[in-house]
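These notes concern the structure reproduced below.
Everything numeric in this text was worked out from a predicted model, so none of it was measured.
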Amino acid sequence: MDIKILRAFATVAALEHIGQAAERLHISPSPLSRQIQQLESELGMVLFHREKKRLRLTDEGKRFLTEVTPFLQHHERLKEYAQHLQQGDVGRLDIGYVEAAIHSRLLPAALARLAPGAGMDVRLHALRSAQQIARLEAGAIDIAIVHTLPHDDADFLHKKIATEPVLLAMPASSALTAPVAADLHGRAWIADQENLNPAARARLLAACQRAGFQPDIRFEVNGPLAALACVEAGLGFTLIQHSLASIVPDNVVLMPLPDLALEIVLYAVWRRQDTRPLTARFLQQLCHTPAVAPR
């Protein structure tokens with residue numbers, strides 16, 4: 001049963017006039033009359049009483065209209081839903097992220113620009129880079145925001161989305177005025193747990209070595225906020241991303257280290273075969289949203 005003929009039937013039933021219905025449907029009266037006759041023939045029932053220029057529904061026609069009307073309404077909703085799918089306005093999106101994506105405001109700003117509506121289900125997952133890549137490969141998340149790219153990227157696409165300088169964080173009680181390599185060598189240091197991100201530890205040690213000092217890592221923590229708490233307690237020095245400067249306690253002193261060639265880099269990674277409009281729409285917002293500078 002042709003949806004166009006059902007729509008024609010409902011329009012004629014509403015207007016009770018072939019000419020007016022034809023005008024609304026943008027067709028000629030003759031083809032419209034043939035469509036109604038074709039429908040009656042297919043159903044084996046008379047749908048309209050023909051009264052000169054007007055058509056009035058028969059009892060069978062009225063009962064048939066009660067079934068056709070919700071069907072047509074559902075059809076329109078399906079078309080609208082399909083349009084929203086094509087535009088990336090509906091669907092579920094699972095996003096993995098490292099802490100830096102939040103502290104830099106990069107991820108929150110991208111989500112605000114995405115403006116999720118009632119038909120969009122966005123779920124955030126705080127995970128280390130390696131965990132994200134594993135879940136991305138398993139299909140458990142759709143987009144990963146990571147520090148470290150996958151070793152084998154044949155199944156993935158990626159893009160660098162942010163780069164931030166790092167700052168030296170020192171307890172106010174033992175802060176250095178203008179620290180140089182010799183001042184930092186052998187000092188108590190607070191760093192992220194090596195087993196959580198071996199690549200990040202390797203980058204840190206390599207950068208310190210190039211700058212001319214060796215940090216004495218005495219405390220290992222989980223994340224920059226824990227490291228800052230240890231600095232506040234006077235346990236040692238650490239490095240934090242620049243965007244965290246706005247939340248540093250008063251008894252923690254921050255200082256740039258021009259000779260330290262180390263940056264916080266964020267990458268977006270997604271599956272190569274994921275061509276959903278929703279994924280593409282979020283990536284567009286993420287890749288064009290600058291990190292918010294600290295206050």
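- Contact annotation: the side chain of Ile247 approaches that of Leu225 to within less than 4.5 Å [non-hydrogen atoms, C-beta and beyond].
- In this structure, the salt bridge (Lys or Arg N to Asp or Glu O under 4.0 Å) partners of Arg56, at least two apart in sequence or on a different chain, are Glu16, Glu51.
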task = Check the pair His125 / Arg123 against side chain to side chain contact (heavy atoms under 4.5 Å, CB included), numbers first and verdict last.
result = CA-CA 7 Å; His125 307 268; Arg123 305 191 182 189; 3.9 Å; yes
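- In this structure, CE in Met170 is found 9.0 Å from CZ in Arg187, a value given to the nearest 0.5 Å.
- In terms of heavy-atom proximity, Leu168 sits nearest to Leu239 at CA-CD2, 3.9 Å.
- Asp274 contributes a side-chain N or O that, together with a main-chain N or O of Arg276, makes up a donor-acceptor pair within less than 3.5 Å.
- Gln284 has its side chain out of reach of Leu286: every pair of non-hydrogen atoms, C-beta onward, lies at least 4.5 Å apart.
- Side-chain atoms of Leu124 and Leu107, non-hydrogen and from C-beta on, do get closer than 4.5 Å to each other.
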ask   = What's the verdict on side chain to side chain contact (heavy atoms under 4.5 Å, CB included) for Gln38 and Ile5, showing C-alpha distance, side-chain angles and the deciding distance?
value = CA-CA 9 Å; Gln38 178 184 338; Ile5 293 182; 3.6 Å; yes
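- Between the side chains of Gln241 and Ser104, no donor N or O sits under 3.5 Å from an acceptor N or O.
- Between Phe64 and Leu47, the closest heavy-atom pair is CD2-CD2, 4.2 Å.
- A side-chain contact (heavy atoms from CB on, under 4.5 Å) with Arg271 is found for exactly one of Asp142, Ile141, Thr279, Leu157, namely Asp142.
- Atom CG of Asn195 sits in a crowded spot, with more than 12 heavy atoms from other residues, nucleotides or ligands closer than 6.0 Å.
- Side-chain atoms of Asp192 come within 3.5 Å of backbone N or O of Gly223 as a donor-acceptor pair.
- Annotation: side chain of Val46 is not in contact with side chain of Glu60 (no heavy-atom distance under 4.5 Å).
- Residues Leu283 and Tyr267 fall into different hydrophobic clusters, defined by Ile, Leu, Val, Met, Phe, Trp and Tyr side chains chained together at heavy-atom separations under 4.5 Å.
- Scanning for salt bridge (Lys or Arg N to Asp or Glu O under 4.0 Å) contacts around Arg201 gives Glu194, Glu220, with sequence neighbours left out.
- Taking each heavy atom of Ala8 and Leu32 in turn, the nearest pair found is CB-CD1, 3.5 Å.
- The backbone N or O of Gly61 sits less than 3.5 Å from a side-chain atom of Thr58, completing a donor-acceptor pair.
- The local environment of CZ in Arg7 is crowded, with over 12 non-hydrogen atoms from other residues, nucleotides or ligands closer than 6.0 Å.
- A donor-acceptor pair under 3.5 Å links the side-chain atoms of Thr238 to the main chain of Ile190, judged by distance alone.
- Atoms CD and CG, on Glu137 and Asp155 in that order, are 6.5 Å from each other to the nearest 0.5 Å.
- The cluster map of Ile, Leu, Val, Met, Phe, Trp and Tyr, joined by side-chain heavy atoms under 4.5 Å apart, puts Leu266 and Ile95 in the same cluster.
- Counting heavy-atom neighbours within 6.0 Å of Gln273 CD, excluding the residue itself, gives a total above 12.
- For the residue pair Thr66 / Arg63, no side-chain donor-acceptor distance below 3.5 Å is found, with atom types taken as modelled.
- One hydrophobic cluster, built from ILVMFWY side chains closer than 4.5 Å, cannot hold both Ile143 and Leu136; they sit in different ones.
- Taking CG of Leu114 as the reference point, atom CZ of Arg281 lies at 4.5 Å (rounded to 0.5 Å).
- Residue Gln209 qualifies as open at atom CD: its count of foreign heavy atoms under 6.0 Å is 12 or below.
- Under the 4.5 Å side-chain criterion, counting only non-hydrogen atoms from C-beta, Cys208 is not in contact with Gln214.
- In terms of hydrophobic clustering, with Ile, Leu, Val, Met, Phe, Trp and Tyr side chains grouped at heavy-atom distances under 4.5 Å, Phe48 and Leu43 are assigned to a common cluster.
- Panel note: side chain Gln132, backbone Ile145; a donor-acceptor pair is recorded below 3.5 Å.
- Rounding to the nearest 0.5 Å places CD1 of Ile264 at 10.0 Å from OG1 of Thr163.
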task = Show the numbers, then the answer: is there a side chain to side chain contact (heavy atoms under 4.5 Å, CB included) between Leu184 and Leu257?
result = CA-CA 11 Å; Leu184 299 173; Leu257 289 175; 4.1 Å; yes
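- A donor-acceptor contact shorter than 3.5 Å links the side chain of Arg272 to the backbone of Ala154.
- The shortest distance between side-chain heavy atoms of Glu164 and Glu263 does not fall below 4.5 Å.
- Considering CD1 of Ile18 and CD1 of Ile27, their distance stands at 8.5 Å, rounded to 0.5 Å.
- Here the straight-line distance linking atom OG of Ser41 with atom CD1 of Ile36 works out to 12.5 Å at 0.5 Å rounding.
- Side-chain N or O atoms of His147 include one that pairs as donor or acceptor with a backbone N or O of Val265 at under 3.5 Å.
- A pairwise comparison of heavy atoms in Leu6 and Leu72 identifies O-CD1, 3.9 Å as the closest pair.
- Between Asp94 and Arg92 there is a salt bridge, since a side-chain N of the basic residue sits under 4.0 Å from a carboxylate O of the acidic one.
- Note on Asp2 versus Lys4: no salt bridge recorded, every NZ/NE/NH1/NH2 to OD/OE distance being 4.0 Å or above.
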message = Working note: Glu40 + Arg50, criterion salt bridge (charged side-chain N to carboxylate O under 4.0 Å, His left out); need CA distance, chi angles, decisive distance, verdict.
response = CA-CA 13 Å; Glu40 290 178 322; Arg50 274 76 174 174; 3.0 Å; yes
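- Side chain of Arg135 to backbone of Ile133: no donor-acceptor contact under 3.5 angstrom is found.
- Annotation for Ile102 and Tyr97: closest pair CG1-CE1, 3.3 Å, computed over non-hydrogen atoms.
- Within the 3.5 Å criterion, the main-chain N or O of Arg128 finds a donor-acceptor partner in the side chain of Gln131.
- Leu204 is not connected to Leu149 by any chain of hydrophobic side-chain contacts under 4.5 Å among Ile, Leu, Val, Met, Phe, Trp and Tyr, and they are in different clusters.
- In this structure the side chain of Val252 never reaches within 4.5 angstrom of the side chain of Pro171, judged on heavy atoms.
- Nearest approach of Ala181 to Phe213, heavy atoms of both residues: O-CB, 3.3 Å.
- The closest side-chain heavy-atom distance from Gln35 to Phe9 is not below 4.5 Å.
- In the displayed structure, Glu23 atom CD is contacted under 6.0 Å by at most 12 heavy atoms of other residues, nucleotides or ligands.
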query = Between His49 and Leu55, does a side chain to side chain contact (heavy atoms under 4.5 Å, CB included) hold up when you go through it step by step?
reply = CA-CA 6 Å; His49 296 298; Leu55 284 80; over 6 Å; no
